[in-house]
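Notes follow the structure.
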Amino acid sequence: MTTPANPSTGTSASDALMMPAEWRDFVALTKPRVMSLAIFTALCGMLVAPVSIHPVLGFAAILAIALGAGASGALNQWYEARIDGLMRRTASRPIPAGRMDPQAALHFGVGLGVFSVLLLGVATNWYAAALLAASILYYLVIYTIWLKPRTPQNIVIGGAAGALPPLIGWAAATGGLAPLPWLLFLLIFLWTPPHFWALSLFVRIDYEQAGIPMLPVVAGERATRRQIFWYTLPMAAAAIAPWPLGYVGALYGVVAALLSTVFIALAAQVGFRTGMPDDPMQPEKRLFKFSLLYLFVLFAVIVADRWWQI
Amino acid sequence: MKNDAEDVDNLNIDVAELRRRQAARSRVMGIALFALAALFFAITIAKIGILAT
C-alpha cells in the first residue's frame with residue numbers, strides 16, 4: 001500500500017515520484033530566503049574589502065556563493081526529508097510533499113555544490129573556494145547530520161556555517177582574511193542563537209513532534225528566554241566592536257549602538273516574561289522580525305560607512 | 001516488444017503533464033547552460049584584461 005501524496009486527487013506518493021519534479025521545486029530546494037541572507041552578507045564582505053574586484057568576477061563570486069548556499073539548503077532538505085514531513089512549517093517542501101524523488105534532490109545538491117566551488121575558484125581564487133567548500137560541508141555534516149538531532153547547542157555551533165559568507169566575500173576580493181571580516185563572522189555567529197531561539201519559541205510544538213532537541217524542547221521555555229537575553233549582550237558588543245577598534249567610522253558605530261540597544265530591549269522583553277497557555281507570542285515574533293532587519297541594516301551601513309571614508 | 005511511449009502510457013500518470021514538465025525543465029536547463037557559457041566567456045575576458053594591465 002502506498003502513502004497518499006495528494007488525497008484530493010487520489011495520486012499516491014509513488015505515482016508522484018514517477019513524474020519529474022517541476023523546476024520550481026528545485027528552486028524551492030535551495031531555500032531562497034536563507035540564500036538571500038548569505039548573498040547579502042557575502043556581498044557586503046566583498047564591498048568592505050580594501051581591494052576592488054572586477055565587476056564580472058565579483059558577480060561570478062556572488063553567484064558561486066549563492067549556488068553554494070543553495071546546495072547546502074538542498075542537501076539539508078534531502079537529509080531531513082523525514083523530519084520535515086513531521087513539521088507543519090516544512091511539510092510542504094518538495095520531498096516530504098511527494099513532489100520530488102529524494103535521489104534527484106541529492107544529485108542536484110551535490111552537483112550544485114561542486115559546481116559552485118569550481119566557479120568560485122576559477123573566477124576568483126582557490127582560498128575563497130576552499131572556504132565555500134568548508135561552509136557547505138560544515139552545514140551538512142557538522143550541523144545537519146551531527147549536531148541538529150543530538151544537542152540543543154546545534155544552533156550555537158552550527159551557526160558558524162551561516163556566518164562564513166562575509167569571510168568568503170572578503171577572501172574572494174583579497175585572496176586572504178583580516179580582522180574586520182572575522183568581526184563580521186563573530187557578529188552573525190552570536191546573532192544566530194537569539195534569532196533562531198526566538199523562532200523556536202513560537203514553533204516549539206513542531207520541533208517537539210519531530211523529536212529535534214531545540215533548546216525550548218530540552219531545557220524549557222524559561223531557560224530559552226534567559227539564553228536569548230544573555231546571548232544578545234555579547235552579540236551587541238560584537239556589533240559595536242569594529243568602531244572602537246578603528247575598522248569603521250562613527251556612522252556605523254552610532255547606528256550599531258542604537259540598533260543594538262533596541263535589540264537588547266526587545267530581548268529583555270522576551271527574556272524576562274512568562275508565556276501563557278495559547279500565548280500569541282507577539283514579543284517573540286517581534287524580536288525575530290527585528291533580528292532580520294538588524295543584521296540587514298548593520299551590513300548595509302558598514303558598506304556605506306567604508307565608502308563614506310574613501 | 002513494447003516501446004518507451006507505450007511504457008509511459010501504461011503508467012498511472014498524466015502524460016500531458018509529464019510532457020509539460022519535461023519541456024519546462026528542458027527550457028530552464030537550456031537557459032541556464034547558455035547563461036553559464038556567457039558567464040565563463042565574460043570571466044575569461046575579465047581575467048585576460050586583468051593580466052594585460
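Chain identifiers are assigned alphabetically (A, B, ...) following the order of the sequence lines, protein sequences preceding nucleic acid strands; residue numbering begins at 1 within each chain.
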Using side-chain heavy atoms (C-beta onward) and a distance below 4.5 Å, is B/I50 in contact with A/L57?
yes

Residues B/A46 and A/H54: closest non-hydrogen pair is CB-CE1, 3.6 Å

A/F26 and B/V28, any side-chain heavy atoms less than 4.5 Å apart:
no

What's the spacing between A/T124 OG1 and B/I43 CD1 if we round to 0.5 Å?
9.0 Å

Exceeds 12 heavy-atom contacts within 6.0 angstrom, atom CZ of B/R20
yes

For A/F59, does the CZ atom have more than 12 heavy-atom neighbours from other residues, nucleotides or ligands under 6.0 Å away?
no

Going by residue number, which parts of residues 162-183 of chain A are within reach of chain B, meaning a heavy-atom gap below 4.5 Å?
none

Over all heavy atoms of both residues, which pair between A/M19 and B/L18 is shortest? Give the atoms and the distance, please.
SD-CA, 3.6 Å

Heavy-atom pair of closest approach, residues A/P20 and B/Q22
CG-CG, 4.1 Å

For the OH atom on A/Y138, are there more than 12 heavy atoms of other groups (residues, nucleotides or ligands in this structure) within a distance under 6.0 Å?
yes

Donor-acceptor check, side chain of B/R21 to backbone of A/W23, threshold 3.5 angstrom: yes or no?
no

Let me see the working for B/K47 and A/V122 under side-chain contact (heavy atoms from CB on, under 4.5 Å), right down to the final yes or no.
CA-CA 10 Å; B/K47 289 220 155 190; A/V122 168; 5.7 Å; no

In this structure, are over 12 heavy atoms from other groups packed under 6.0 Å from A/R88 atom CZ?
no

If I measure from the heavy atoms of chain A, does B/I45 come under 4.5 Å with its side chain, its backbone, both, or neither?
neither

Might you confirm whether atom CZ of B/F41 has over 12 heavy atoms from other residues, nucleotides or ligands at distances under 6.0 Å?
no

